[in-house]
Student: 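Questions regarding the structure given below will be posed in turn.
Values reported hereafter were calculated over all heavy atoms of this structure, with side chains retained and with hydrogens, waters and symmetry mates removed. Small disclaimer: the values here were computed from a predicted structure and weren't measured. In what follows, residues are counted from 1 in the order of the sequence shown.
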Amino acid sequence: MNPHVMHAPARSSRRLPVLALAVALVSAVVGAGGSTAHAAPQRSAAASAAGATLPFTSYEAESAVTGGQKIGPDYTQGTVASEASGRQAVKLSAGQSVQFTLTGAANAVNVAYNVPDGQSGSLAVYVNGTKLDRSLTVTSKYSYVDTSWIAGAKTHHFFDNARLLLGRNLQAGDTVKLEAASTQVTVDVADFEQVAAAATKPSGAISVVDKGADPTGQQDSTQAFRDAISAAKGSGGTVWIPAGDFKLGSELSGVENVTLQGAGSWYSVVHSSRFINQSNSAGKVRLKDFAVIGEVTERVDNNPDNFVNGSLGPNSSVSGMWIQHLKCGFWLTGNNDNLIAENNRILDTTADGLNLNGNAHGVQVRGNFLRNQGDDSLAMWSLNGADTGSSFSGNTISQPNLANGIAIYGGTDITVKDNLVQDTNALGSGIAISNQKFLDPFSPLAGTITVSGNTLVRTGAINPNWGHPMGALRVDAYDSAIEATVNITNTTIKDSPYSAYEFVSGSGTGKAVKNVTVDGSAVDKVGTVVVQAETPGAVKISNLKATGVGAAGVYNCPYPSGSGTFTLTDGGGNSGWSSTWSNCSAWPQAGAGNPDPDPARNLAQGRPATATGSADVYTPGKAVDGDANSYWESTNNAFPQALTVDLGSAQAVRRVVLKLPPSAAWGARTQTLSVLGSTDGSSFTTLAASKAYRFDPATGNTVTVTLPDSSPATRQLRVQVTANTGWPAAQLSEVEAYLK
């Protein structure tokens, strides 16, 4: 059972000052054209010293040579681009490709990708123009996760990871091309790595093969693993997992005083959706240098579908592991004192990457890489006892798609240091320091909470239950006041779509945030404000230098009204954020600091679309899918007809481009239409009066409607058609919206 969400306490029905929806926070927990530039590698620590030292270099597809279509940037929950690294990716139709130029040696690649729901296929791989005899299998099997019991959640978890040993050593300057072979594939990022040769069996180790394990993966090897563990643990020996694929149909338990070691995570692969499941252990367990890859395709909170569920016991360690396609990587209860989890990769989990679920003392989680979690990537939750003296340090976290990058829910003397968190999505911040309890008995934050040297890039998101954003770094007195000393130092916050620091009582009950100091911050581009204060309390801020601030420096509006004041003390050395938002009845909209690297993008592409009617398979989504060959067609003989696109937020649209398929088979026709806009989805204003527009294949079957500069900002953009000389229905293959 994952009690994170299943038994969350009842929420307050009271409103924060700017909400249109009742506060119902469940999930802090539950947590266009081709480019010709070379793919720029992305260093694990971005532009700072934070994050893990990784054995691979990441290359963003949108910076590569491609004939595909760039999607994004997009910060809207429920879209593929919003879950991508950098909020951008490249969509490849069958036959299209993306090509990377390497900056260093590599013999292996791991690719983060998306395919349409229900589809599978492959990416052909070319090295220096020559097609390899091996390819990358791509599938939607592990994607499109729905969590209807989490308030505000939408279908999410769009991406997956696929890896391949290339069978040759490449050098800087070599090219690797990925080509969509049979289905549409959206490529996000490619990790290129020089994988060392497989390790050899340690002297005296007991091989699982000698106990009957099948390295071909055809037969179940569970009993062989159990027998090898039983033989080795009496002497504190080593169980050897050689190169191969091993299928475990059942979980392991009674694992203690033993080392399980593989030949390397690219070679020794255990296929298991429940690897270790035990409530207690004498400890001294060492897991190292192999992969555990599961078959978890959905999130079932009462199933122990985890790499480790329960306890490894005191003085254990986990290192060099590749953990993928499970519900959680680690769901740790019981005695895990002094556990070290380091240098692991945790990918594509439907819930948490690692959660210390109470009574974790002296645990160190360091140097790990986590991507594509469906809940908090790293969490400490002090249920049944306080997590104490434990730390998350030097980890790199990318693309948690339903919660926080790092979340601390209660605990004593906790450290969060030198981590890099990128691209959080929906219901979460980059880092959350919180007294949200979810269940009792809960141990609130106590002692000193040290948050130091972290870098947060494109973190924070709109909370759909609140109706306004969560900051890049959030301190949340959800169920009780923050009484611990919280020291936040030397933080870098870059390209936050909304605010940098948020101080809130997420239940809407006005619990105080006290004893917080912020010292030494570099804030570069925030969409709304630097400080988002929404509850009583106090913070002292020193040496915070901000550039690219969207709306104002400070939003200071404690809720509920009359609950108290929030005191912000200027400790000196601050610059760039002196202004204050003056209207507590209106939430500031993203402004000049909004980190939108592509202001010329089509605002309508990939957005939700609805229509007054559709014929057969010609649904409204076909008009915003970026493919001019697919189209929406309304119900026949029933004018007027309209298609409405939700842009996600009010935008100053100044140009609307309408298309029909470019094929010459589409004869010229004239459609009479108008363009309308709305900010609430119910009351529409005419932006362009009804007029006859000619669509002619000789000119690309494209029409441009220019809107006056005086047009109001619009969120719901509607095209209403009253006549069509070519067919007795409205027809549009693309509706595109632009700011200029």
Student: Report the C-alpha separation of L165 and Y267 in whole Å, then their side-chain angles, then the decisive distance to 0.1 Å, and conclude whether the side chain to side chain contact (heavy atoms under 4.5 Å, CB included) test is met.
Tutor: CA-CA 10 Å; L165 287 167; Y267 303 109; 4.1 Å; yes
Student: Would you say the side chains of Y113 and D160 form a donor-acceptor pair under 3.5 Å?
Tutor: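 A donor-acceptor contact under 3.5 Å links the two side chains.
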Student: Is there a side-chain contact between E295 and H271 (heavy atoms, below 4.5 Å)?
Tutor: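 Heavy-atom side-chain distance check fails, nothing below 4.5 Å.
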Student: Is the side chain of D423 donor-acceptor paired with the backbone N or O of G86 at a distance under 3.5 Å, no angle test?
Tutor: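 Yes: the side chain of D423 pairs with the backbone of G86.
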Student: Please confirm whether the backbone N or O of V523 pairs with a side-chain atom of S521, one donor and one acceptor, at under 3.5 Å?
Tutor: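 Not confirmed, S521 side chain does not pair with V523 backbone.
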Student: Which atom pair, heavy atoms only, marks the closest approach of T714 to V653?
Tutor: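 Closest pair (atom of T714, atom of V653, distance): CG2-CG2, 3.9 Å.
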Student: Can you name the salt bridge (charged side-chain N to carboxylate O under 4.0 Å, His left out) partners of R715, sequence neighbours left out?
Tutor: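 Counting only residues at least two positions away or on another chain, R715 forms a salt bridge (charged side-chain N to carboxylate O under 4.0 Å, His left out) with D646.
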Student: Check whether any side-chain N or O of N602 sits under 3.5 Å from a backbone N or O of A604 as a donor-acceptor pair, and report yes or no.
Tutor: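 Yes; judged by distance alone, with no hydrogens or angles, the pair exists.
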Student: Would the distance check show the side chain of D376 and the main-chain N or O of A407 forming a donor-acceptor pair, the cut-off being under 3.5 Å?
Tutor: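 Checked: no pair found.
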Student: Of all the heavy-atom pairs spanning S85 and E60, show the shortest one and how long it is.
Tutor: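 That closest heavy-atom pairing would be OG-OE2, 2.5 Å.
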Student: L102 and Q171: which non-hydrogen atoms are nearest, and at how many Å?
Tutor: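 Minimum heavy-atom contact is CB-O, 4.0 Å.
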Student: Is it the case that D146 and T155 place a side-chain donor and acceptor less than 3.5 Å from each other?
Tutor: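 Side-chain D/A pair, D146 to T155: present.
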Student: Examine distances only and state if a side-chain atom of Q399 and a backbone atom of E83 form a donor-acceptor pair shorter than 3.5 Å.
Tutor: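 Yes, because the side chain of Q399 sits within donor-acceptor range (under 3.5 Å) of the backbone of E83.
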Student: Are N114 and V185 close enough that some pair of their side-chain heavy atoms sits under 4.5 Å apart?
Tutor: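 Side-chain contact under 4.5 Å: no.
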Student: As a quick check of understanding, evaluate side chain to side chain donor-acceptor pair (under 3.5 Å) for Q99 and E179, giving each step before the final call.
Tutor: CA-CA 9 Å; Q99 180 172 290; E179 180 182 83; over 6 Å; no
Student: Salt bridge (Lys or Arg N to Asp or Glu O under 4.0 Å) for E342 and R366? Distances and angles first, verdict last.
Tutor: CA-CA 5 Å; E342 61 184 353; R366 62 197 187 199; 2.8 Å; yes
Student: Looking at NZ of K70 and CD of E62, how far apart are the two atoms once the value is rounded to the nearest 0.5 Å?
Tutor: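 The distance works out to 7.5 Å.
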Student: So, using side chain to side chain donor-acceptor pair (under 3.5 Å) as the criterion, who are the partners of T139 when residues are at least two apart?
Tutor: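 Once residues adjacent in sequence are excluded, the partners of T139 under the side chain to side chain donor-acceptor pair (under 3.5 Å) criterion are S120.
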Student: Could you go through T76 and R607, starting from their C-alpha distance and side-chain angles, then the distance that decides it, and tell me whether this counts as side chain to side chain donor-acceptor pair (under 3.5 Å)?
Tutor: CA-CA 9 Å; T76 309; R607 298 298 310 155; 3.1 Å; yes
Student: Taking atom types as modelled, find out whether Q194 and N169 have a side-chain donor-acceptor pair closer than 3.5 angstrom.
Tutor: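 N169 and Q194 do have a side-chain donor-acceptor pair below 3.5 Å.
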Student: What's the verdict on side chain to side chain contact (heavy atoms under 4.5 Å, CB included) for T706 and R654, showing C-alpha distance, side-chain angles and the deciding distance?
Tutor: CA-CA 6 Å; T706 301; R654 294 297 176 262; over 6 Å; no
Student: Quick one: are L347 and I323 in side-chain contact, heavy atoms under 4.5 Å?
Tutor: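 A side-chain contact is absent here, since even the closest heavy-atom pair is not under 4.5 Å.
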Student: Look at the side chain of S268 and the backbone N and O of S265, then say whether any donor-acceptor pair between them is shorter than 3.5 Å.
Tutor: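 Such a contact is absent between S268 side chain and S265 backbone.
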Student: Could you tell me the separation between the CG atom of N404 and the CE atom of M470, rounded to the nearest 0.5 Å?
Tutor: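 Between atom CG of N404 and atom CE of M470 there are 6.0 Å.
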Student: Using the six-membered ring wherever Trp is involved, compare the ring planes of Y631 and W666 and label them parallel, tilted or perpendicular (cut-offs 30° and 60°).
Tutor: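 It falls in the perpendicular class, over 60°.
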Student: Using the rule side chain to side chain donor-acceptor pair (under 3.5 Å), only one of Q77, H157, Q373 pairs with N401; which is it?
Tutor: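 Going through Q77, H157, Q373 one by one, the side chain to side chain donor-acceptor pair (under 3.5 Å) with N401 is satisfied by H157 alone.
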Student: Applying salt bridge (charged side-chain N to carboxylate O under 4.0 Å, His left out), can you list everything that pairs with D191, at least two apart in sequence or on another chain?
Tutor: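 Applying salt bridge (charged side-chain N to carboxylate O under 4.0 Å, His left out) to D191 gives R371.
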Student: Do I493 and D524 come within less than 4.5 Å of each other through their side chains, counting heavy atoms only?
Tutor: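 Sidechains of D524 and I493: no contact.
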Student: With L473 as reference, evaluate L456, T459, N454, I406 under the side chain to side chain contact (heavy atoms under 4.5 Å, CB included) test and give the passing residue.
Tutor: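 Going through L456, T459, N454, I406 one by one, the side chain to side chain contact (heavy atoms under 4.5 Å, CB included) with L473 is satisfied by L456 alone.
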Student: What closest approach, in Å, do V416 and I431 show between heavy atoms, and which atom pair accounts for it?
Tutor: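 So the minimum-distance heavy-atom pair works out to CG1-CD1, 4.1 Å.
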Student: What distance do N128 atom CG and L170 atom CG have between them, rounded to the nearest 0.5 Å?
Tutor: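 So the gap between those two atoms works out to 7.0 Å.
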Student: Should the heavy atoms of other residues, nucleotides or ligands under 6.0 Å from NZ of K131 be counted, would the total exceed 12?
Tutor: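 No, NZ of K131 has 12 or fewer neighbouring heavy atoms, counting only those of other groups under 6.0 Å.
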Student: Please assess V719 against L732 for the test side chain to side chain contact (heavy atoms under 4.5 Å, CB included), listing each intermediate value before the final yes or no.
Tutor: CA-CA 10 Å; V719 179; L732 293 168; 4.0 Å; yes
Student: I'd like to know if the side chain of S429 pairs up with that of R474 as donor and acceptor (distance under 3.5 Å, no hydrogens or angles considered).
Tutor: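 There is such a pair (donor and acceptor under 3.5 Å, judged by atom type) between the side chains of S429 and R474.
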Student: Under a 3.5 Å distance rule, please check whether T424 uses its side chain to pair with a backbone N or O of G460 as donor and acceptor.
Tutor: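 Answer holds: yes.
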Student: Is the shortest heavy-atom distance from the side chain of V657 to the side chain of Y738 under 4.5 Å?
Tutor: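 Counting from C-beta outward, V657 and Y738 do come under 4.5 Å.
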Student: Within the 3.5 Å criterion, strictly below it, is a donor on S82 or D74 matched to an acceptor on the partner's side chain?
Tutor: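 No.
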Student: Could you pull out the closest heavy-atom pair between Y142 and V296, with the gap in Å?
Tutor: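 Closest approach of Y142 to V296, heavy atoms only: CD2-O, 3.6 Å.
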Student: Indicate the atoms forming the closest heavy-atom contact of V187 with A61, along with that distance.
Tutor: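 In terms of heavy atoms, the two residues are closest at O-CB, 3.2 Å.
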Student: Does the side chain of N161 come under 3.5 Å of the side chain of N372 through a donor N or O and an acceptor N or O?
Tutor: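 Judged by distance alone, the side chains do not pair up.
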Student: Checking ring pair (Phe, Tyr, Trp, His ring centres under 6.0 Å) against F56, which of F369, W266, F192 comes through?
Tutor: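 It is F369, the one option of F369, W266, F192 that forms the ring pair (Phe, Tyr, Trp, His ring centres under 6.0 Å) with F56.
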Student: Between S377 (side chain only) and G353 (backbone N and O only), is there a donor and an acceptor less than 3.5 Å apart?
Tutor: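 Checking the backbone N and O of G353 against the side chain of S377, no donor-acceptor pair under 3.5 Å is found.
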Student: Just wondering, do R345 and N368 contact through their side chains at under 4.5 Å, heavy atoms?
Tutor: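 Side chain of N368 against side chain of R345, heavy atoms only: no contact under 4.5 Å found.
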Student: To the nearest 0.5 Å, what is the distance between CG on N629 and NZ on K622?
Tutor: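 Reported value, rounded in 0.5 Å steps: 11.5 Å.
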Student: Hey, which of V138, V98, L136 is the one that makes side chain to side chain contact (heavy atoms under 4.5 Å, CB included) with V111?
Tutor: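 The side chain to side chain contact (heavy atoms under 4.5 Å, CB included) with V111 is passed solely by L136 among V138, V98, L136.
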Student: Atom OG1 of T66 and atom CD of Q96: how far apart are they, to the nearest 0.5 Å?
Tutor: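 If we round to the nearest 0.5 Å, T66:OG1 and Q96:CD are 6.5 Å apart.
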Student: When you measure from the side chain of S733 to the backbone of K659, do you find a donor-acceptor pair of N or O atoms at a distance under 3.5 Å?
Tutor: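 Here the side-chain-to-backbone pair exists.
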Student: V109 versus L166: any side-chain heavy-atom pair under 4.5 Å?
Tutor: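 They are in side-chain contact.
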Student: Going by atom types only, do N419 and N395 share a side-chain donor-acceptor pair under 3.5 Å?
Tutor: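 Distance-only check passes for N419 and N395.
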Student: Once salt bridge (charged side-chain N to carboxylate O under 4.0 Å, His left out) is applied, do any residues pair with K177, and if so which ones, sequence neighbours excluded?
Tutor: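 K177 satisfies salt bridge (charged side-chain N to carboxylate O under 4.0 Å, His left out) with no other residue.
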Student: Taking only residues two or more places apart in sequence, or in another chain, which ones meet F307 in a ring-ring contact (aromatic ring centres under 6.0 Å, His included)?
Tutor: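 Residues passing ring-ring contact (aromatic ring centres under 6.0 Å, His included) with F307: F275, F330.
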Student: Please check this pair: side chain of S143 against backbone of F158, looking for a donor-acceptor N/O pair closer than 3.5 Å.
Tutor: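 Yes, the answer is positive, given that a donor and an acceptor are paired below the 3.5 Å cut-off.
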Student: Are side-chain heavy atoms of R87 and Y75 found at a separation under 4.5 Å?
Tutor: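 They are in side-chain contact.
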Student: The criterion is ring-ring contact (aromatic ring centres under 6.0 Å, His included); which residues satisfy it with Y126, sequence neighbours excluded?
Tutor: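 For Y126, no residue satisfies ring-ring contact (aromatic ring centres under 6.0 Å, His included) once neighbours in sequence are set aside.
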